[in-house]
Amino acid sequence: MTHAVRLPLYQQIEQDRGSRVLALVNSERLGLQTQIASDAVAPFVSLLDDMGPVPKISLILDTNGGQTSAAWRLINMIHSFCDELEVIVPTKAMSAGTLMSLGADKIVMTKQAALGPIDPSLDNHPLAPITHTATGQVVRVPVSAEAVRGYIDEVKKDVTDPAAIASVWTHLATQIHPLVLGEVFRAGAQIRDLASELIKRQVPDETIRNEIIQLLCSDSGSHDYTINRRKAEAIGLTVEKPSADLYKLLSAVTKSYNLELKTLEPYSPFVLLGGQPHAQYVLVRGLIESTDASYGFVTEGQLAAAPAPAGNITDQKSFEGWRKLP
């Protein structure tokens, strides 16, 4: 299932919505997951330049999130090419995807679509706490600004003595490096500011805007918390239910994405080798598309199996990044 298969579906969506279609899809294939990042800007620029300024753009978004700064840059860039922008969520637009959705004039959500909290976490920081996996591998623990804030808030419910609270902060700083704490709180403040700016297009009432951002940043309780269409409407977002015809089109598009990205097939180098000593591979791990062209986030290289009994596999990557697909 390729862009050529999705092209007539996009064209029908454009007719249904009176718009031009863009799509951003990140892979969630086990072992090959991708996220929104700054390298997505270049393919979007190419598609938008080809499209030119238009009255309305429909951005189909399927992502588990990514970089806050990249999401901010992308949604503002797309706005500069249209008068009206709607985000269509067939299944999910989590974290940074939710931030992008806040910047739309409206969000079209299917019955299974989900948004989520936008509270940031600091991943893979060189000073972040470490833990060990079941196999003994050392990994860095992500640190969430709202998790730290929630811990301190809970402490303050039972502890009022300033010296005792200061002691809690001192102990916390022995578990999480002070520079990491500083960065996560700066990230938390930044994402609130960005969300406050983006959501003005969609929610005119300041009080409601603040309540929505508080829910998305703190009150949801967990980064895994999901917001369905009914909840999104209830908290004050501008949400539209797709027609039956549009729903069928979005279901077909989503099925096509999943087939091309092999979402349900966990990545295995042993399967790629197929018992052979060497294997070339080209893996598509994300899509940015319009009716004009398709760009894929591609990883390619060569696998090599060591002779038995070692059984080790080496992976020599020759390319990784966005590329225009045939």
Is any side-chain heavy atom of [X] less than 4.5 Å from a side-chain heavy atom of [Y]?
X      : Y      : value
Gln12  : Asp16  : no
Gln202 : Ile212 : no
Thr63  : Leu24  : no
Gln35  : Asn64  : no

Side-chain donor/acceptor of [X] to backbone N/O of [Y], under 3.5 Å:
X      : Y      : value
Thr34  : Ser27  : yes
Glu84  : Ser19  : no
Thr110 : Pro90  : yes
Lys324 : Ala293 : no
Asp105 : Glu86  : no
Thr98  : Ala93  : yes
Glu300 : Phe319 : no

Between [X] and [Y], does any side-chain donor sit less than 3.5 Å from a side-chain acceptor?
X      : Y      : value
Thr299 : Arg285 : yes
Arg209 : Ser196 : no
Arg6   : Ser256 : yes

Please determine which of Asn258, Asp62, Thr254 meets the side-chain hydrogen bond (donor to acceptor under 3.5 Å, both in side chains) test together with Thr91.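 Among the candidates, only Asp62 passes.
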According to a 4.5 Å side-chain heavy-atom criterion applied to Ile, Leu, Val, Met, Phe, Trp and Tyr, with indirect links allowed, do [X] and [Y] form part of one hydrophobic cluster?
X      : Y      : value
Leu7   : Leu261 : no
Tyr281 : Leu30  : no
Val239 : Tyr247 : no

For Gln33 and Glu28, run side chain to side chain donor-acceptor pair (under 3.5 Å): C-alpha distance rounded to whole Å, both residues' side-chain angles, the deciding distance at 0.1 Å, then the answer. CA-CA 5 Å; Gln33 296 93 332; Glu28 55 179 327; over 6 Å; no
Over 60° means perpendicular and under 30° means parallel, so tell me whether Tyr10 and Tyr257 are parallel, tilted or perpendicular.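 Answer is tilted, since the angle falls between 30° and 60°.
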Between Glu211 and Thr207, does the side chain to side chain contact (heavy atoms under 4.5 Å, CB included) criterion hold? Intermediate values first, please. CA-CA 6 Å; Glu211 290 173 353; Thr207 300; 3.8 Å; yes
Kindly indicate, with the supporting measurements, whether the criterion salt bridge (charged side-chain N to carboxylate O under 4.0 Å, His left out) is fulfilled by Arg20 and Asp50. CA-CA 12 Å; Arg20 292 297 306 274; Asp50 289 341; over 6 Å; no
Heavy-atom closest pair, residues His3 and Thr291: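 Answer, listing the atom of His3 first, then Thr291: CE1-O, 4.0 Å.
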